[in-house]
Amino acid sequence: MGLGVNDFTLRHLSLPLRSGAGLRILHISDIHYIPGQRKKFDWLQSLAELEPDLVVNTGDNLSHLKAVDEVLEALTPLLQFPGVFVPGSNDYYAPKWKNPLRYLSGPSRLDEEPEELEWRRLFTSFEAAGWRNLSNHTAQLTAGGHALDFSGVDDPHIGRDEFQGWPGAVPGSQGPATQAAGSSGPTGPESPLRIGVAHAPVSSVLDTFAQTGADLVLAGHTHGGQVCLPGGRALVTNCDLPRSQAKGLSTITVASPQEAGSGQSARGVPLHVSAGIGTSATAPVRLFCPPEATLLKVHRDTE
């Protein structure tokens, strides 16, 4: 294994939202599993000891043609909890060696003849355990006693994303059916929280989630920059996300409609980008950016 790839870290973050106080969300991403990664295997299994209310997996689980059996075994303890997932390109296709310096010139691109992985078996196994597939789908579920509405997309990094609106939206519209003017979500103090989920935090997708009423957006893909300057400052994000937002909590700022005739004002939607648990098999190095999962604990936003 390469530099820094076994320094597994669990981050605890407090997340102010309009409702859902006490909800505990475990966000995992970019496992990039290779058979025989026993330290990663054991650490993944240990995450179940957190007993989260919800697991959100934002893709890129695989990094080898024969990784499905072991990654499913590693995740079996977490599959007992309610969960949702979206795919990344490295669920569909095996990685190929690339010069790491290419990332400095812009986001990576899919090879012309990629080698397909066993993604169908992976997704079917997740679904059989009860995790909801949000690949260009919406879903509603209850976790930790709170109602949640999800909208997810397939991987924007390879152009597979197709936003499907939100559960309960007015037919033919993208927005919610019960959104009050100037609000960030449906009316009512405990109406469902709306969570947008994507693998790659591409700006157009983030803006769509936020503009249509998301309360929270979760993504992965960036590896937090993977090879960073001291202090964890990312050099690249492998998409159009600003480097300052390469990992952790930040804000998507969008125009929010106000009462008729008053114009628009900006509102912020929390974005959490996971720095990820693994690396591509072809670049097993992390510098000033340890592999991580995040436990997000929701508390009431009193503003």
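None of these values were measured; they are calculated from a predicted model.
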Pairs where residues 38-74 contributes a residue and the test ring-ring contact (aromatic ring centres under 6.0 Å, His included) is met, not counting sequence neighbours: Phe8-Trp43
Any residue meeting ring-ring contact (aromatic ring centres under 6.0 Å, His included) with Tyr33, in chain and number order, not counting sequence neighbours: none
For Glu49, salt bridge (charged side-chain N to carboxylate O under 4.0 Å, His left out) partners two or more places apart: none
Under the side-chain contact (heavy atoms from CB on, under 4.5 Å) test, residues paired with Leu13 that sit two or more places apart: Leu249, His272, Thr294, Leu296
Asp91: partners by side-chain hydrogen bond (donor to acceptor under 3.5 Å, both in side chains), with sequence neighbours left out: Asn61
Sidechain-backbone polar pair: Gln45 side chain, Asp42 backbone, donor-acceptor under 3.5 Å: no
Side chain proximity check, Val273 to Ser250, heavy atoms < 4.5 angstrom: no
Polar side-chain atom of Lys40 near backbone of Ile31 as donor-acceptor pair, under 3.5 Å: yes
Tyr92-Leu72 co-clustered via ILVMFWY side chain contacts under 4.5 Å: yes
Set of residues satisfying side-chain contact (heavy atoms from CB on, under 4.5 Å) with respect to Thr124, sequence neighbours excluded: none
Side chain to side chain donor-acceptor pair (under 3.5 Å): pairs with one or both residues in residues 129-140, sequence neighbours excluded: Ser135-Asp154, Gln140-Asp149
side-chain contact (heavy atoms from CB on, under 4.5 Å) partners of Glu118, counting only residues at least two apart: Val68, Arg121
Listed partners of Thr253 passing side-chain contact (heavy atoms from CB on, under 4.5 Å), at least two apart: Thr251, Ala266
Residues in side-chain hydrogen bond (donor to acceptor under 3.5 Å, both in side chains) contact with Arg24, at least two apart in sequence or another chain: none
ring-ring contact (aromatic ring centres under 6.0 Å, His included) partners for Phe209, two or more places apart: Phe163
Considering all heavy atoms, the nearest Asp215-Pro192 contact: OD2-O, 4.2 Å
Under 3.5 Å donor-acceptor pairs involving side-chain atoms of residues 199-206, not counting sequence neighbours:
unit_1, atom_1, unit_2, atom_2, d
His199, ND1, Thr58, O, 2.6
His199, NE2, Asp60, OD2, 3.3
His199, NE2, His221, ND1, 3.3
Ser203, OG, Asp240, OD2, 2.6

